[in-house]
Amino acid sequence: MRAFNFSAGPAALPEEVLKEAQAELLDYQNSGMSIMEMSHRGKEYSAIHAETIANIKELLNIPEGYSVLFMTGGASTQFALIPMNLLGEGQTADYTNSGAWAAKAIKEGQLLGNVNIAADCGKEIPTRVPTLGELNLTDGAAYLHITSNETISGAQWKQFPEHETLIADMSSDILSRPLDVSKFGLIYAGAQKNLGPAGVTLVIIRDELAKRCPDTVPTIMRYQTHIDGNSLFNTVPTFPVYMLCLVTRWLKAKGGLEAMQRQNEEKAAKLYAAIDGTDFYTGTAVKENRSTMNVTFRIANEELEAKFIAEAAEKNLKGLKGHRSVGGIRASIYNAFPAEGVDALISFMKEFEAANG
Ligand SMILES: *Cc1c(COP(=O)(O)O)cnc(C)c1O
């Protein structure tokens, strides 16, 4: 039996996608080979590669002048590549600190150049992201970096700041809602939350930005290299891109990002209503910034939280333990997470409160 998998990442994938991958695992379209055994420059994989880029461009309505790249090293590598490529000597980059992931991006920026923390609410509880009004921006900053959804704390930007070069770590909410890509200079996301399996990082970059990179940056670490090579400068992670291709097809068949947003908001609203309906559970993020992807909450004592997580797992509700750095309970309900799983969790929350409240 398949579990209701609330893991934050790697996370649940659509069952239809897993079955399709299974069906063609040994023999991809009568080639006698698995897609993962084939050349990354052969005709079968080339078609997958091109379709995945086209699907992402279509789903996000990406304008001319942007490239869609498949890279490796996760979002964590992007933390370093962004300042290496885009933060010139003597320039300052603005970063917002909204929590653990933003802080990691900031740390890499500081290793490589001047960083201004434009707003810092990273350690506040209840957790939140900065308001647009509190940003203390630098004139002529190389870029402004934000973390669109803090996966650990469950705080999400609902409205984005305006900036000539806005950069966003969207690892845990990309493709969960429509987006005006033209407002961003660069968007990046590790695949393992909302896109597919671990192993590929999606980067969407305004082409002109890549030209800023200083000559001293090694070839593999330049965005321009990956733009010029159509993400085939070195061996692209073919199987993760293939899985991403299947996920993008699934998203299109489900009605695209408007439909996803509707479903995600419905799932999240139900779960937050269950949390708010009783004093037994307390939401971790301020209401205006509650994530539709990672729903975080607490019970008054940690023993009860441990009991909640263990009993939920026995009922096939898996992966509810909060991040080890903060504890508590976290229900990650990405695009692929079914609405029935949210209903099952809500029923369990009621039973658990009745028995322990
Ligand atoms: C998971 C996550 C990361 C780290 O991703 P890796 O692929 O493990 O490097 C960075 N930012 C956010 C918002 C995340 O959720």
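Counting starts at 1 for both ligands and their atoms, in listed order. The shown structure was predicted, so the numbers you read here are calculated from the model rather than taken from an experiment.
Under 4.0 Å is where a charged nitrogen must lie from a carboxylate oxygen, and between E134 and R128 at least one such pair does.
Residue, atom and distance of the protein heavy atom nearest to atom 8 (O) of ligand 1 are Q192 NE2, 3.5 Å. Protein heavy atom at the shortest distance from atom 5 (O) of ligand 1 is A75 CB, 3.6 Å. Nearest non-hydrogen protein atom to atom 1 (C) of ligand 1 is K193 NZ, 1.4 Å. The protein heavy atom nearest to atom 9 (O) of ligand 1 is S76 OG, 2.6 Å. What sits closest to atom 10 (C) of ligand 1 on the protein, heavy atoms only, is W101 CE3, 3.3 Å. The protein heavy-atom contact nearest to atom 15 (O) of ligand 1 is T151 OG1, 2.4 Å.
Listed by atom number, the atoms of ligand 1 under 4.0 Å from S171 heavy atoms are 10 (C), 11 (N), 12 (C), 13 (C), 14 (C), 15 (O). Residue F79 has at least one heavy-atom neighbour below 4.0 Å for each of these atoms of ligand 1: 10 (C). For ligand 1 and G74, the ligand atoms under 4.0 Å from any heavy atom of the residue are 7 (O), 9 (O). Atoms of ligand 1 lying under 4.0 Å from at least one heavy atom of N149, given by number and element, are 13 (C).
With sequence neighbours excluded, the residues forming a ring pair (Phe, Tyr, Trp, His ring centres under 6.0 Å) with F184 are F160, listed by chain and number. For F79, there are no ring pair (Phe, Tyr, Trp, His ring centres under 6.0 Å) partners, not counting sequence neighbours.
Screening Y272, F280, Y281 against F297 for a ring-ring contact (aromatic ring centres under 6.0 Å, His included) leaves a single residue, Y281. Applying side chain to side chain contact (heavy atoms under 4.5 Å, CB included) to F239 and the options L244, V200, L25 leaves one that passes, L25.
Polar contact check, T147 against ligand 1: no nitrogen or oxygen pair lies under 3.5 Å apart. At least one N or O atom of D169, backbone or side chain, sits closer than 3.5 Å to an N or O atom of ligand 1.
The backbone N or O of Q261 sits nowhere less than 3.5 Å from a side-chain atom of R177 that would complete a donor-acceptor pair. N116 places a side-chain N or O within 3.5 Å of a backbone atom of N136 that can act as its donor or acceptor partner.
When every heavy atom of P178 is checked against every heavy atom of L257, the shortest pair comes out as CD-O, 3.7 Å.
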